[in-house]
2 protein chains.
Amino acid sequence: MKPFHEYKNPSLAIDLVVFGYHDNTLSVLLLNRKEEPFKDCWTLPGGFLQMEETFLDTCYRILQTKLGMKEVFLEQLYSFDAVDRDPRGRVIAVGYYALINPAKFSVVAGSMANDVKWFNVRKMPVLGFDHKHIFKQALQRLRSKIQYDPVGFELLDELFTITELHELYECILQTTIDRRNFRRKILDAAYVINTGLKREGLKNRHPELYKFNKQLKKNSFQINVPNET
Amino acid sequence: MKPFHEYKNPSLAIDLVVFGYHDNTLSVLLLNRKEEPFKDCWTLPGGFLQMEETFLDTCYRILQTKLGMKEVFLEQLYSFDAVDRDPRGRVIAVGYYALINPAKFSVVAGSMANDVKWFNVRKMPVLGFDHKHIFKQALQRLRSKIQYDPVGFELLDELFTITELHELYECILQTTIDRRNFRRKILDAAYVINTGLKREGLKNRHPELYKFNKQLKKNSFQINVPNET
DNA sequence: TTTACTTCACGTTAAATTGACGCAAACAAT
DNA sequence: ATTGTTTGCGTCAATTTAACGTGAAGTAAA
């Protein structure tokens with residue numbers, strides 16, 4: 001048997017699916033690559049794991065240097081192993097997804113990219129590598145997760161109305177949910193806390209502002225959709 | 001920027017949590033290591049990814065050479081990245097779990113192990129590396145998965161009775177489930193198909209034998225447990 | 001200040017599902 | 001035949017869900 005470090009190892013990359021929600025639209029952040037492979041092609045932001053880094057270290061390094069973000073919700077998605085997924089050689093990718101509030105960050109293209117842009121998840125361009133596959137899996141994960149785990153607030157402002165939360169759910173799950181039943185479920189589960197404040201300056205009745213209940217745990221509610229896949 | 005393959009890469013290992021069900025007991029297969037590190041310690045079966053292998057290739061190589069198994073249910077669990085998880089150096093582990101019917105395989109210790117043994121999931125020994133952590137996560141995944149995805153049959157014989165399936169659920173979920181309500185749910189969801197045959201040679205009424213309904217998809221049923229965590 | 005229009009907050013009701021049991025037929029052993 | 005146990009089917013009250021009604025709160029226009 002050879003000594004431990006003489007074996008050849010694949011490279012290990014992290015690829016990020018960064019979700020943002022704004023104007024009733026769920027979007028994903030993509031980079032336009034400056035270099036080969038997939039030069040001038042849209043791809044997920046990513047980077048190689050350094051020897052002393054944990055996955056989250058790498059995630060934050062990418063988020064910070066390429067996008068100027070920190071302190072965001074991150075969750076590991078899946079690891080992708082197709083032998084030919086990177087033309088440069090064997091690269092394993094660990095997918096993570098992030099939920100952010102675009103209002104809190106202004107994204108800037110780093111030195112590695114021509115451009116950084118938000119794309120509506122329903123109007124995605126062709127993606128390089130196997131990133132279409134990673135993206136699809138992330139979207140599916142977000143959809144199933146939001147039904148039983150209160151992560152919706154990660155995409156909203158600190159204070160939000162129940163109608164805003166309701167629209168977020170309809171947007172992500174791509175379905176209609178009865179407004180009144182939704183409200184009752186959310187309130188019964190104590191998903192949110194009424195702040196007593198109201199959103200001012202709207203043309204109609206001023207709705208109450210809520211904040212997320214940090215005590216709330218997974219599986220204390222269940223938003224049903226007719227045909228989950 | 002250095003050429004692509006001059007960067008140092010972590011090693012990439014696959015670790016397997018192999019579940020088997022027999023005599024109303026859920027067990028996991030462990031190896032007793034012959035070599036350092038963790039010599040004479042129990043660990044999950046695992047191995048390093050070779051450059052041309054996919055994860056599943058590696059899984060089957062481990063299953064076949066160390067345990068003499070093939071064609072089993074396998075699913076990716078999670079990837080583990082703690083910097084100090086392996087004393088030999090930086091090793092990323094991709095966890096997979098397998099569901100097998102122990103009746104179909106006789107496990108044999110390969111050249112790498114002193115011993116291979118099934119351990120009741122409730123009576124686990126101390127494990128080497130971070131394998132306790134991987135095991136716990138696998139058990140949790142199995143528990144939540146079996147509630148909405150029909151994977152139970154992977155652990156049973158081709159033909160089984162509803163009582164056997166019921167006992168499997170109670171064993172895995174560590175709870176009591178009303179026999180009659182369970183039967184109704186399973187049948188209403190068309191989880192199983194009645195073969196018309198009966199299990200003979202029992203001391204009481206001979207129950208009907210069912211087989212798994214391969215048309216059945218995820219989320220067509222839901223077994224509830226009082227306090228999932 | 002009325003009127004019109006929209007959203008918000010809170011109810012109501014029937015249908016569906018769940019949870020907790022009852023019971024008789026099937027079988028082996030006595 | 002009698003006994004003891006498991007199996008398969010059924011009942012029913014309690015809970016949850018889905019579908020929808022309505023009046024108050026607010027803005028804008030008459």
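Reminder, nothing fancy here: chain letters follow the sequence lines and each chain counts from 1.
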Subject >> No-hydrogen, no-angle side-chain donor-acceptor test under 3.5 Å, B:N32 and B:N114 >> reply: yes

Subject >> side-chain contact (heavy atoms from CB on, under 4.5 Å) against A:R183, all qualifying residues, sequence neighbours excluded >> reply: A:I162, A:L187, A:Y210

**OP:** Quick one, give me the B/S/- string for nucleotides 23-30 of chain C, reading 5' to 3', where B means a protein heavy atom under 4.0 Å from the base and S means that only happens at the primed atoms, P, OP1 or OP2.
**Re:** --BBBS--

**OP:** Using atom CG of B:L209 as one end and atom C1' of D:dG8 as the other, report the distance to the nearest whole Å.
**Re:** 14 Å

Subject >> With sequence neighbours excluded, residues passing side-chain contact (heavy atoms from CB on, under 4.5 Å) with A:F119 >> reply: A:L30, A:W42, A:K117, A:M124, A:P125

**OP:** Using a strict cut-off of less than 4.0 Å between a Lys/Arg side-chain nitrogen and an Asp/Glu carboxylate oxygen, indicate whether A:R184 and A:D188 qualify as a salt bridge.
**Re:** no

Original post:
Is a side-chain donor-acceptor pair under 3.5 Å present for A:Y97 with A:E75?
Top reply: yes

Original post:
How long is the line joining CG of A:L197 and C1' of C:dC8, in whole Å?
Top reply: 17 Å

Subject >> Options C:dA20, D:dC20, D:dT7, nucleotide nearest the side-chain atoms of A:D178 >> reply: D:dC20

**OP:** Give, ordered by number, those residues of residues 157-175 of chain A having at least one heavy-atom distance below 4.0 Å to an atom of DNA chain C; if nothing qualifies, reply none.
**Re:** A:T163

**OP:** May I ask you to say whether A:E158 pairs ionically with A:K211, meaning some side-chain N is under 4.0 Å from a carboxylate O?
**Re:** no

Original post:
Over how many whole Å does the gap from A:Q222 atom CD to C:dT17 atom P extend?
Top reply: 15 Å

**OP:** Check each residue of residues 181-192 of chain B for a non-hydrogen atom within less than 4.0 Å of any atom in DNA chain C, then write out the ones that pass by number, or none.
**Re:** B:N181, B:R184, B:K185

Subject >> B:E200 atom CD, over 12 foreign heavy atoms within 6.0 Å >> reply: yes

Subject >> Side-chain donor or acceptor of A:K185 paired with backbone N/O of A:Q222 under 3.5 Å >> reply: yes

Subject >> Nucleotide C:dA16, atom P - distance to CG of A:N224 in whole Å >> reply: 15 Å

Original post:
Taking atom types as modelled and ignoring hydrogens, do the side chains of B:Q174 and B:R143 form a donor-acceptor contact shorter than 3.5 angstrom?
Top reply: no

Subject >> side chain to side chain donor-acceptor pair (under 3.5 Å) assessment of A:Q76 paired with A:Y96 >> reply: CA-CA 4 Å; A:Q76 191 185 116; A:Y96 271 73; 3.3 Å; yes

Original post:
What pairs meet the salt bridge (Lys or Arg N to Asp or Glu O under 4.0 Å) rule with one or both residues in residues 161-178 of chain B, with sequence neighbours excluded?
Top reply: B:E164-B:R199, B:D178-B:R180

**OP:** Using atom CD1 of B:I177 as one end and atom P of C:dA20 as the other, report the distance to the nearest whole Å.
**Re:** 12 Å

